[in-house]
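Structure record follows, encoded as structure tokens.
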Amino acid sequence: MAETSLSSTPGHLRLSPGWLLFAALALAIPIAPMLLHRRPLALPDLGELPAFSLTDQRGRAFGRDDLRGKVWVADFVFTSCSDACPRLTQRMRSLQDRLDPHGRVGLLSISVDPERDTPEKLRGYGEAYGARDDLWRFLTGSPTEVQRTVVKGFKMAMAKVPLEDGARQSDDELRAQAFDVLHGDRLVLVDADARIRGYYVADDAGVAAVLRAARALAAR
């Protein structure tokens, strides 16, 4: 009876290119979601805003408690400003155009010239830029309360500076109006707990960054 001998040395395993491709895809599928998953955006916590009491463009009271439950992007302007403020307000308008009207992100513009910027004047200013009342609030108040809110609360600079030609005015009222206001030009991000989460330069990159951060906070 003939014996059949089996080799004790295994032969080389030959895999077709199709099997290799299948194996590579099978291994990649569980890993792909981990590779595509973005790490949560890390934002600083710069402290809670103090209580404040201001008035919006419709004459409604607005304070710190009105910030809670929603994410806000704030800036600081005044209606008679002809340099930085129009640019800032245009940036805020561009943010408004990209926000969901029913979402959890709002816009806040605080006047740093409360002696001249009445709610009525702020309402006209907002309307000129196409501001929506349900998304964008414009705030004013007493000079003392505004300065306390802006400087001590939002940690932004604010100072009244007389104009050089103001002394040549003969009328006391005109002379009193002859001043400019120096103020910070950053966008400030505030979370739904009324805590400051970042300061952003108001350029294209800064607008994109604050929008991304605001949406991330609103999604939490």
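- Of all heavy-atom pairs spanning Gly141 and Val146, the tightest one is N-CG2, 3.6 Å.
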| Would Asp56 and Arg58 satisfy salt bridge (charged side-chain N to carboxylate O under 4.0 Å, His left out), going step by step from the backbone distance to the final call? | CA-CA 5 Å; Asp56 76 359; Arg58 294 289 176 183; over 6 Å; no
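- The shortest non-hydrogen separation linking Asp45 to Arg197 is CA-NE, 3.9 Å.
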| Worked check of side-chain contact (heavy atoms from CB on, under 4.5 Å) between Asp133 and Gln57 | CA-CA 9 Å; Asp133 283 351; Gln57 72 270 32; 3.0 Å; yes
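- In this structure, the side chains of Tyr199 and Leu46 come closer than 4.5 Å at one or more pairs of heavy atoms.
- In this structure, Leu187 CG and Arg91 CZ are separated by 9.0 Å, a value rounded to the nearest 0.5 Å.
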| message | Please determine whether side-chain contact (heavy atoms from CB on, under 4.5 Å) holds for the pair Leu139 and Thr149, giving the CA-CA distance in whole Å, both sets of side-chain angles, and the decisive distance to 0.1 Å. | response | CA-CA 11 Å; Leu139 303 183; Thr149 302; over 6 Å; no
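- At least one donor-acceptor pair under 3.5 Å links the side chain of Gln96 to the backbone N or O of Arg132.
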| request: Go through Lys70 and Val105 one step at a time and tell me if the side-chain contact (heavy atoms from CB on, under 4.5 Å) criterion holds. | output: CA-CA 6 Å; Lys70 199 168 184 177; Val105 181; 5.9 Å; no
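- Without hydrogens or angle criteria, Asp97 side chain to Ser94 main chain gives no donor-acceptor distance under 3.5 Å.
- Here Leu211 contributes atom CG and Leu99 contributes atom CG; the two are 6.0 Å apart, rounded to the nearest 0.5 Å.
- Between Pro119 and Gly59, the shortest heavy-atom contact is CB-N, 4.3 Å.
- Separating the OG atom in Ser82 from the CZ atom in Arg87 is a distance of 10.0 Å, to the nearest 0.5 Å.
- Taking 4.5 Å as the limit, every side-chain heavy atom of Leu95 sits out of range of all side-chain heavy atoms of Trp136.
- No side-chain donor-acceptor contact under 3.5 Å links Asp117 and Thr140.
- Between Pro50 and Gly153, the shortest heavy-atom distance links the atoms CD-CA, 3.4 Å.
- Considering every non-hydrogen atom in both Ser53 and Glu145, the closest pair reads N-OE2, 2.8 Å.
- You'll find the side chain of Arg186 stays beyond 4.5 Å of the side chain of Lys155, heavy atoms only.
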| task | Go through the steps for Asp191 and Arg195 under the test salt bridge (charged side-chain N to carboxylate O under 4.0 Å, His left out), then give the verdict. | result | CA-CA 5 Å; Asp191 69 16; Arg195 303 186 71 84; 5.3 Å; no
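- In this structure, the separation between CG on Leu108 and CG on Leu67 is 6.5 Å, given to the nearest 0.5 Å.
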| task | Would you please test Arg220 and Arg104 for side-chain contact (heavy atoms from CB on, under 4.5 Å) and show each step? | result | CA-CA 10 Å; Arg220 293 179 181 176; Arg104 294 183 60 239; over 6 Å; no
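- Using a distance-only test at 3.5 Å, with no hydrogens or angles considered, no donor-acceptor pair links the side chain of Arg68 to the main chain of Ala192.
- How far CZ of Arg137 is from OG1 of Thr55: 10.5 Å, rounded to the nearest 0.5 Å.
- With hydrogens and angles disregarded, a donor-acceptor distance shorter than 3.5 Å links the side chain of Arg64 to the backbone of Leu49.
- Aromatic ring orientation, Tyr125 versus Phe138: perpendicular (interplanar angle above 60°, classes split at 30° and 60°).
- Considering every non-hydrogen atom in both Ser111 and Pro114, the closest pair reads OG-N, 3.8 Å.
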| field | Candidate pair Glu120 and Arg123, rule salt bridge (charged side-chain N to carboxylate O under 4.0 Å, His left out), full reasoning | value | CA-CA 5 Å; Glu120 293 77 17; Arg123 185 169 67 248; 5.1 Å; no
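- For the atom pair Thr89 OG1 and Asp75 CG, the distance stands at 6.0 Å (nearest 0.5 Å).
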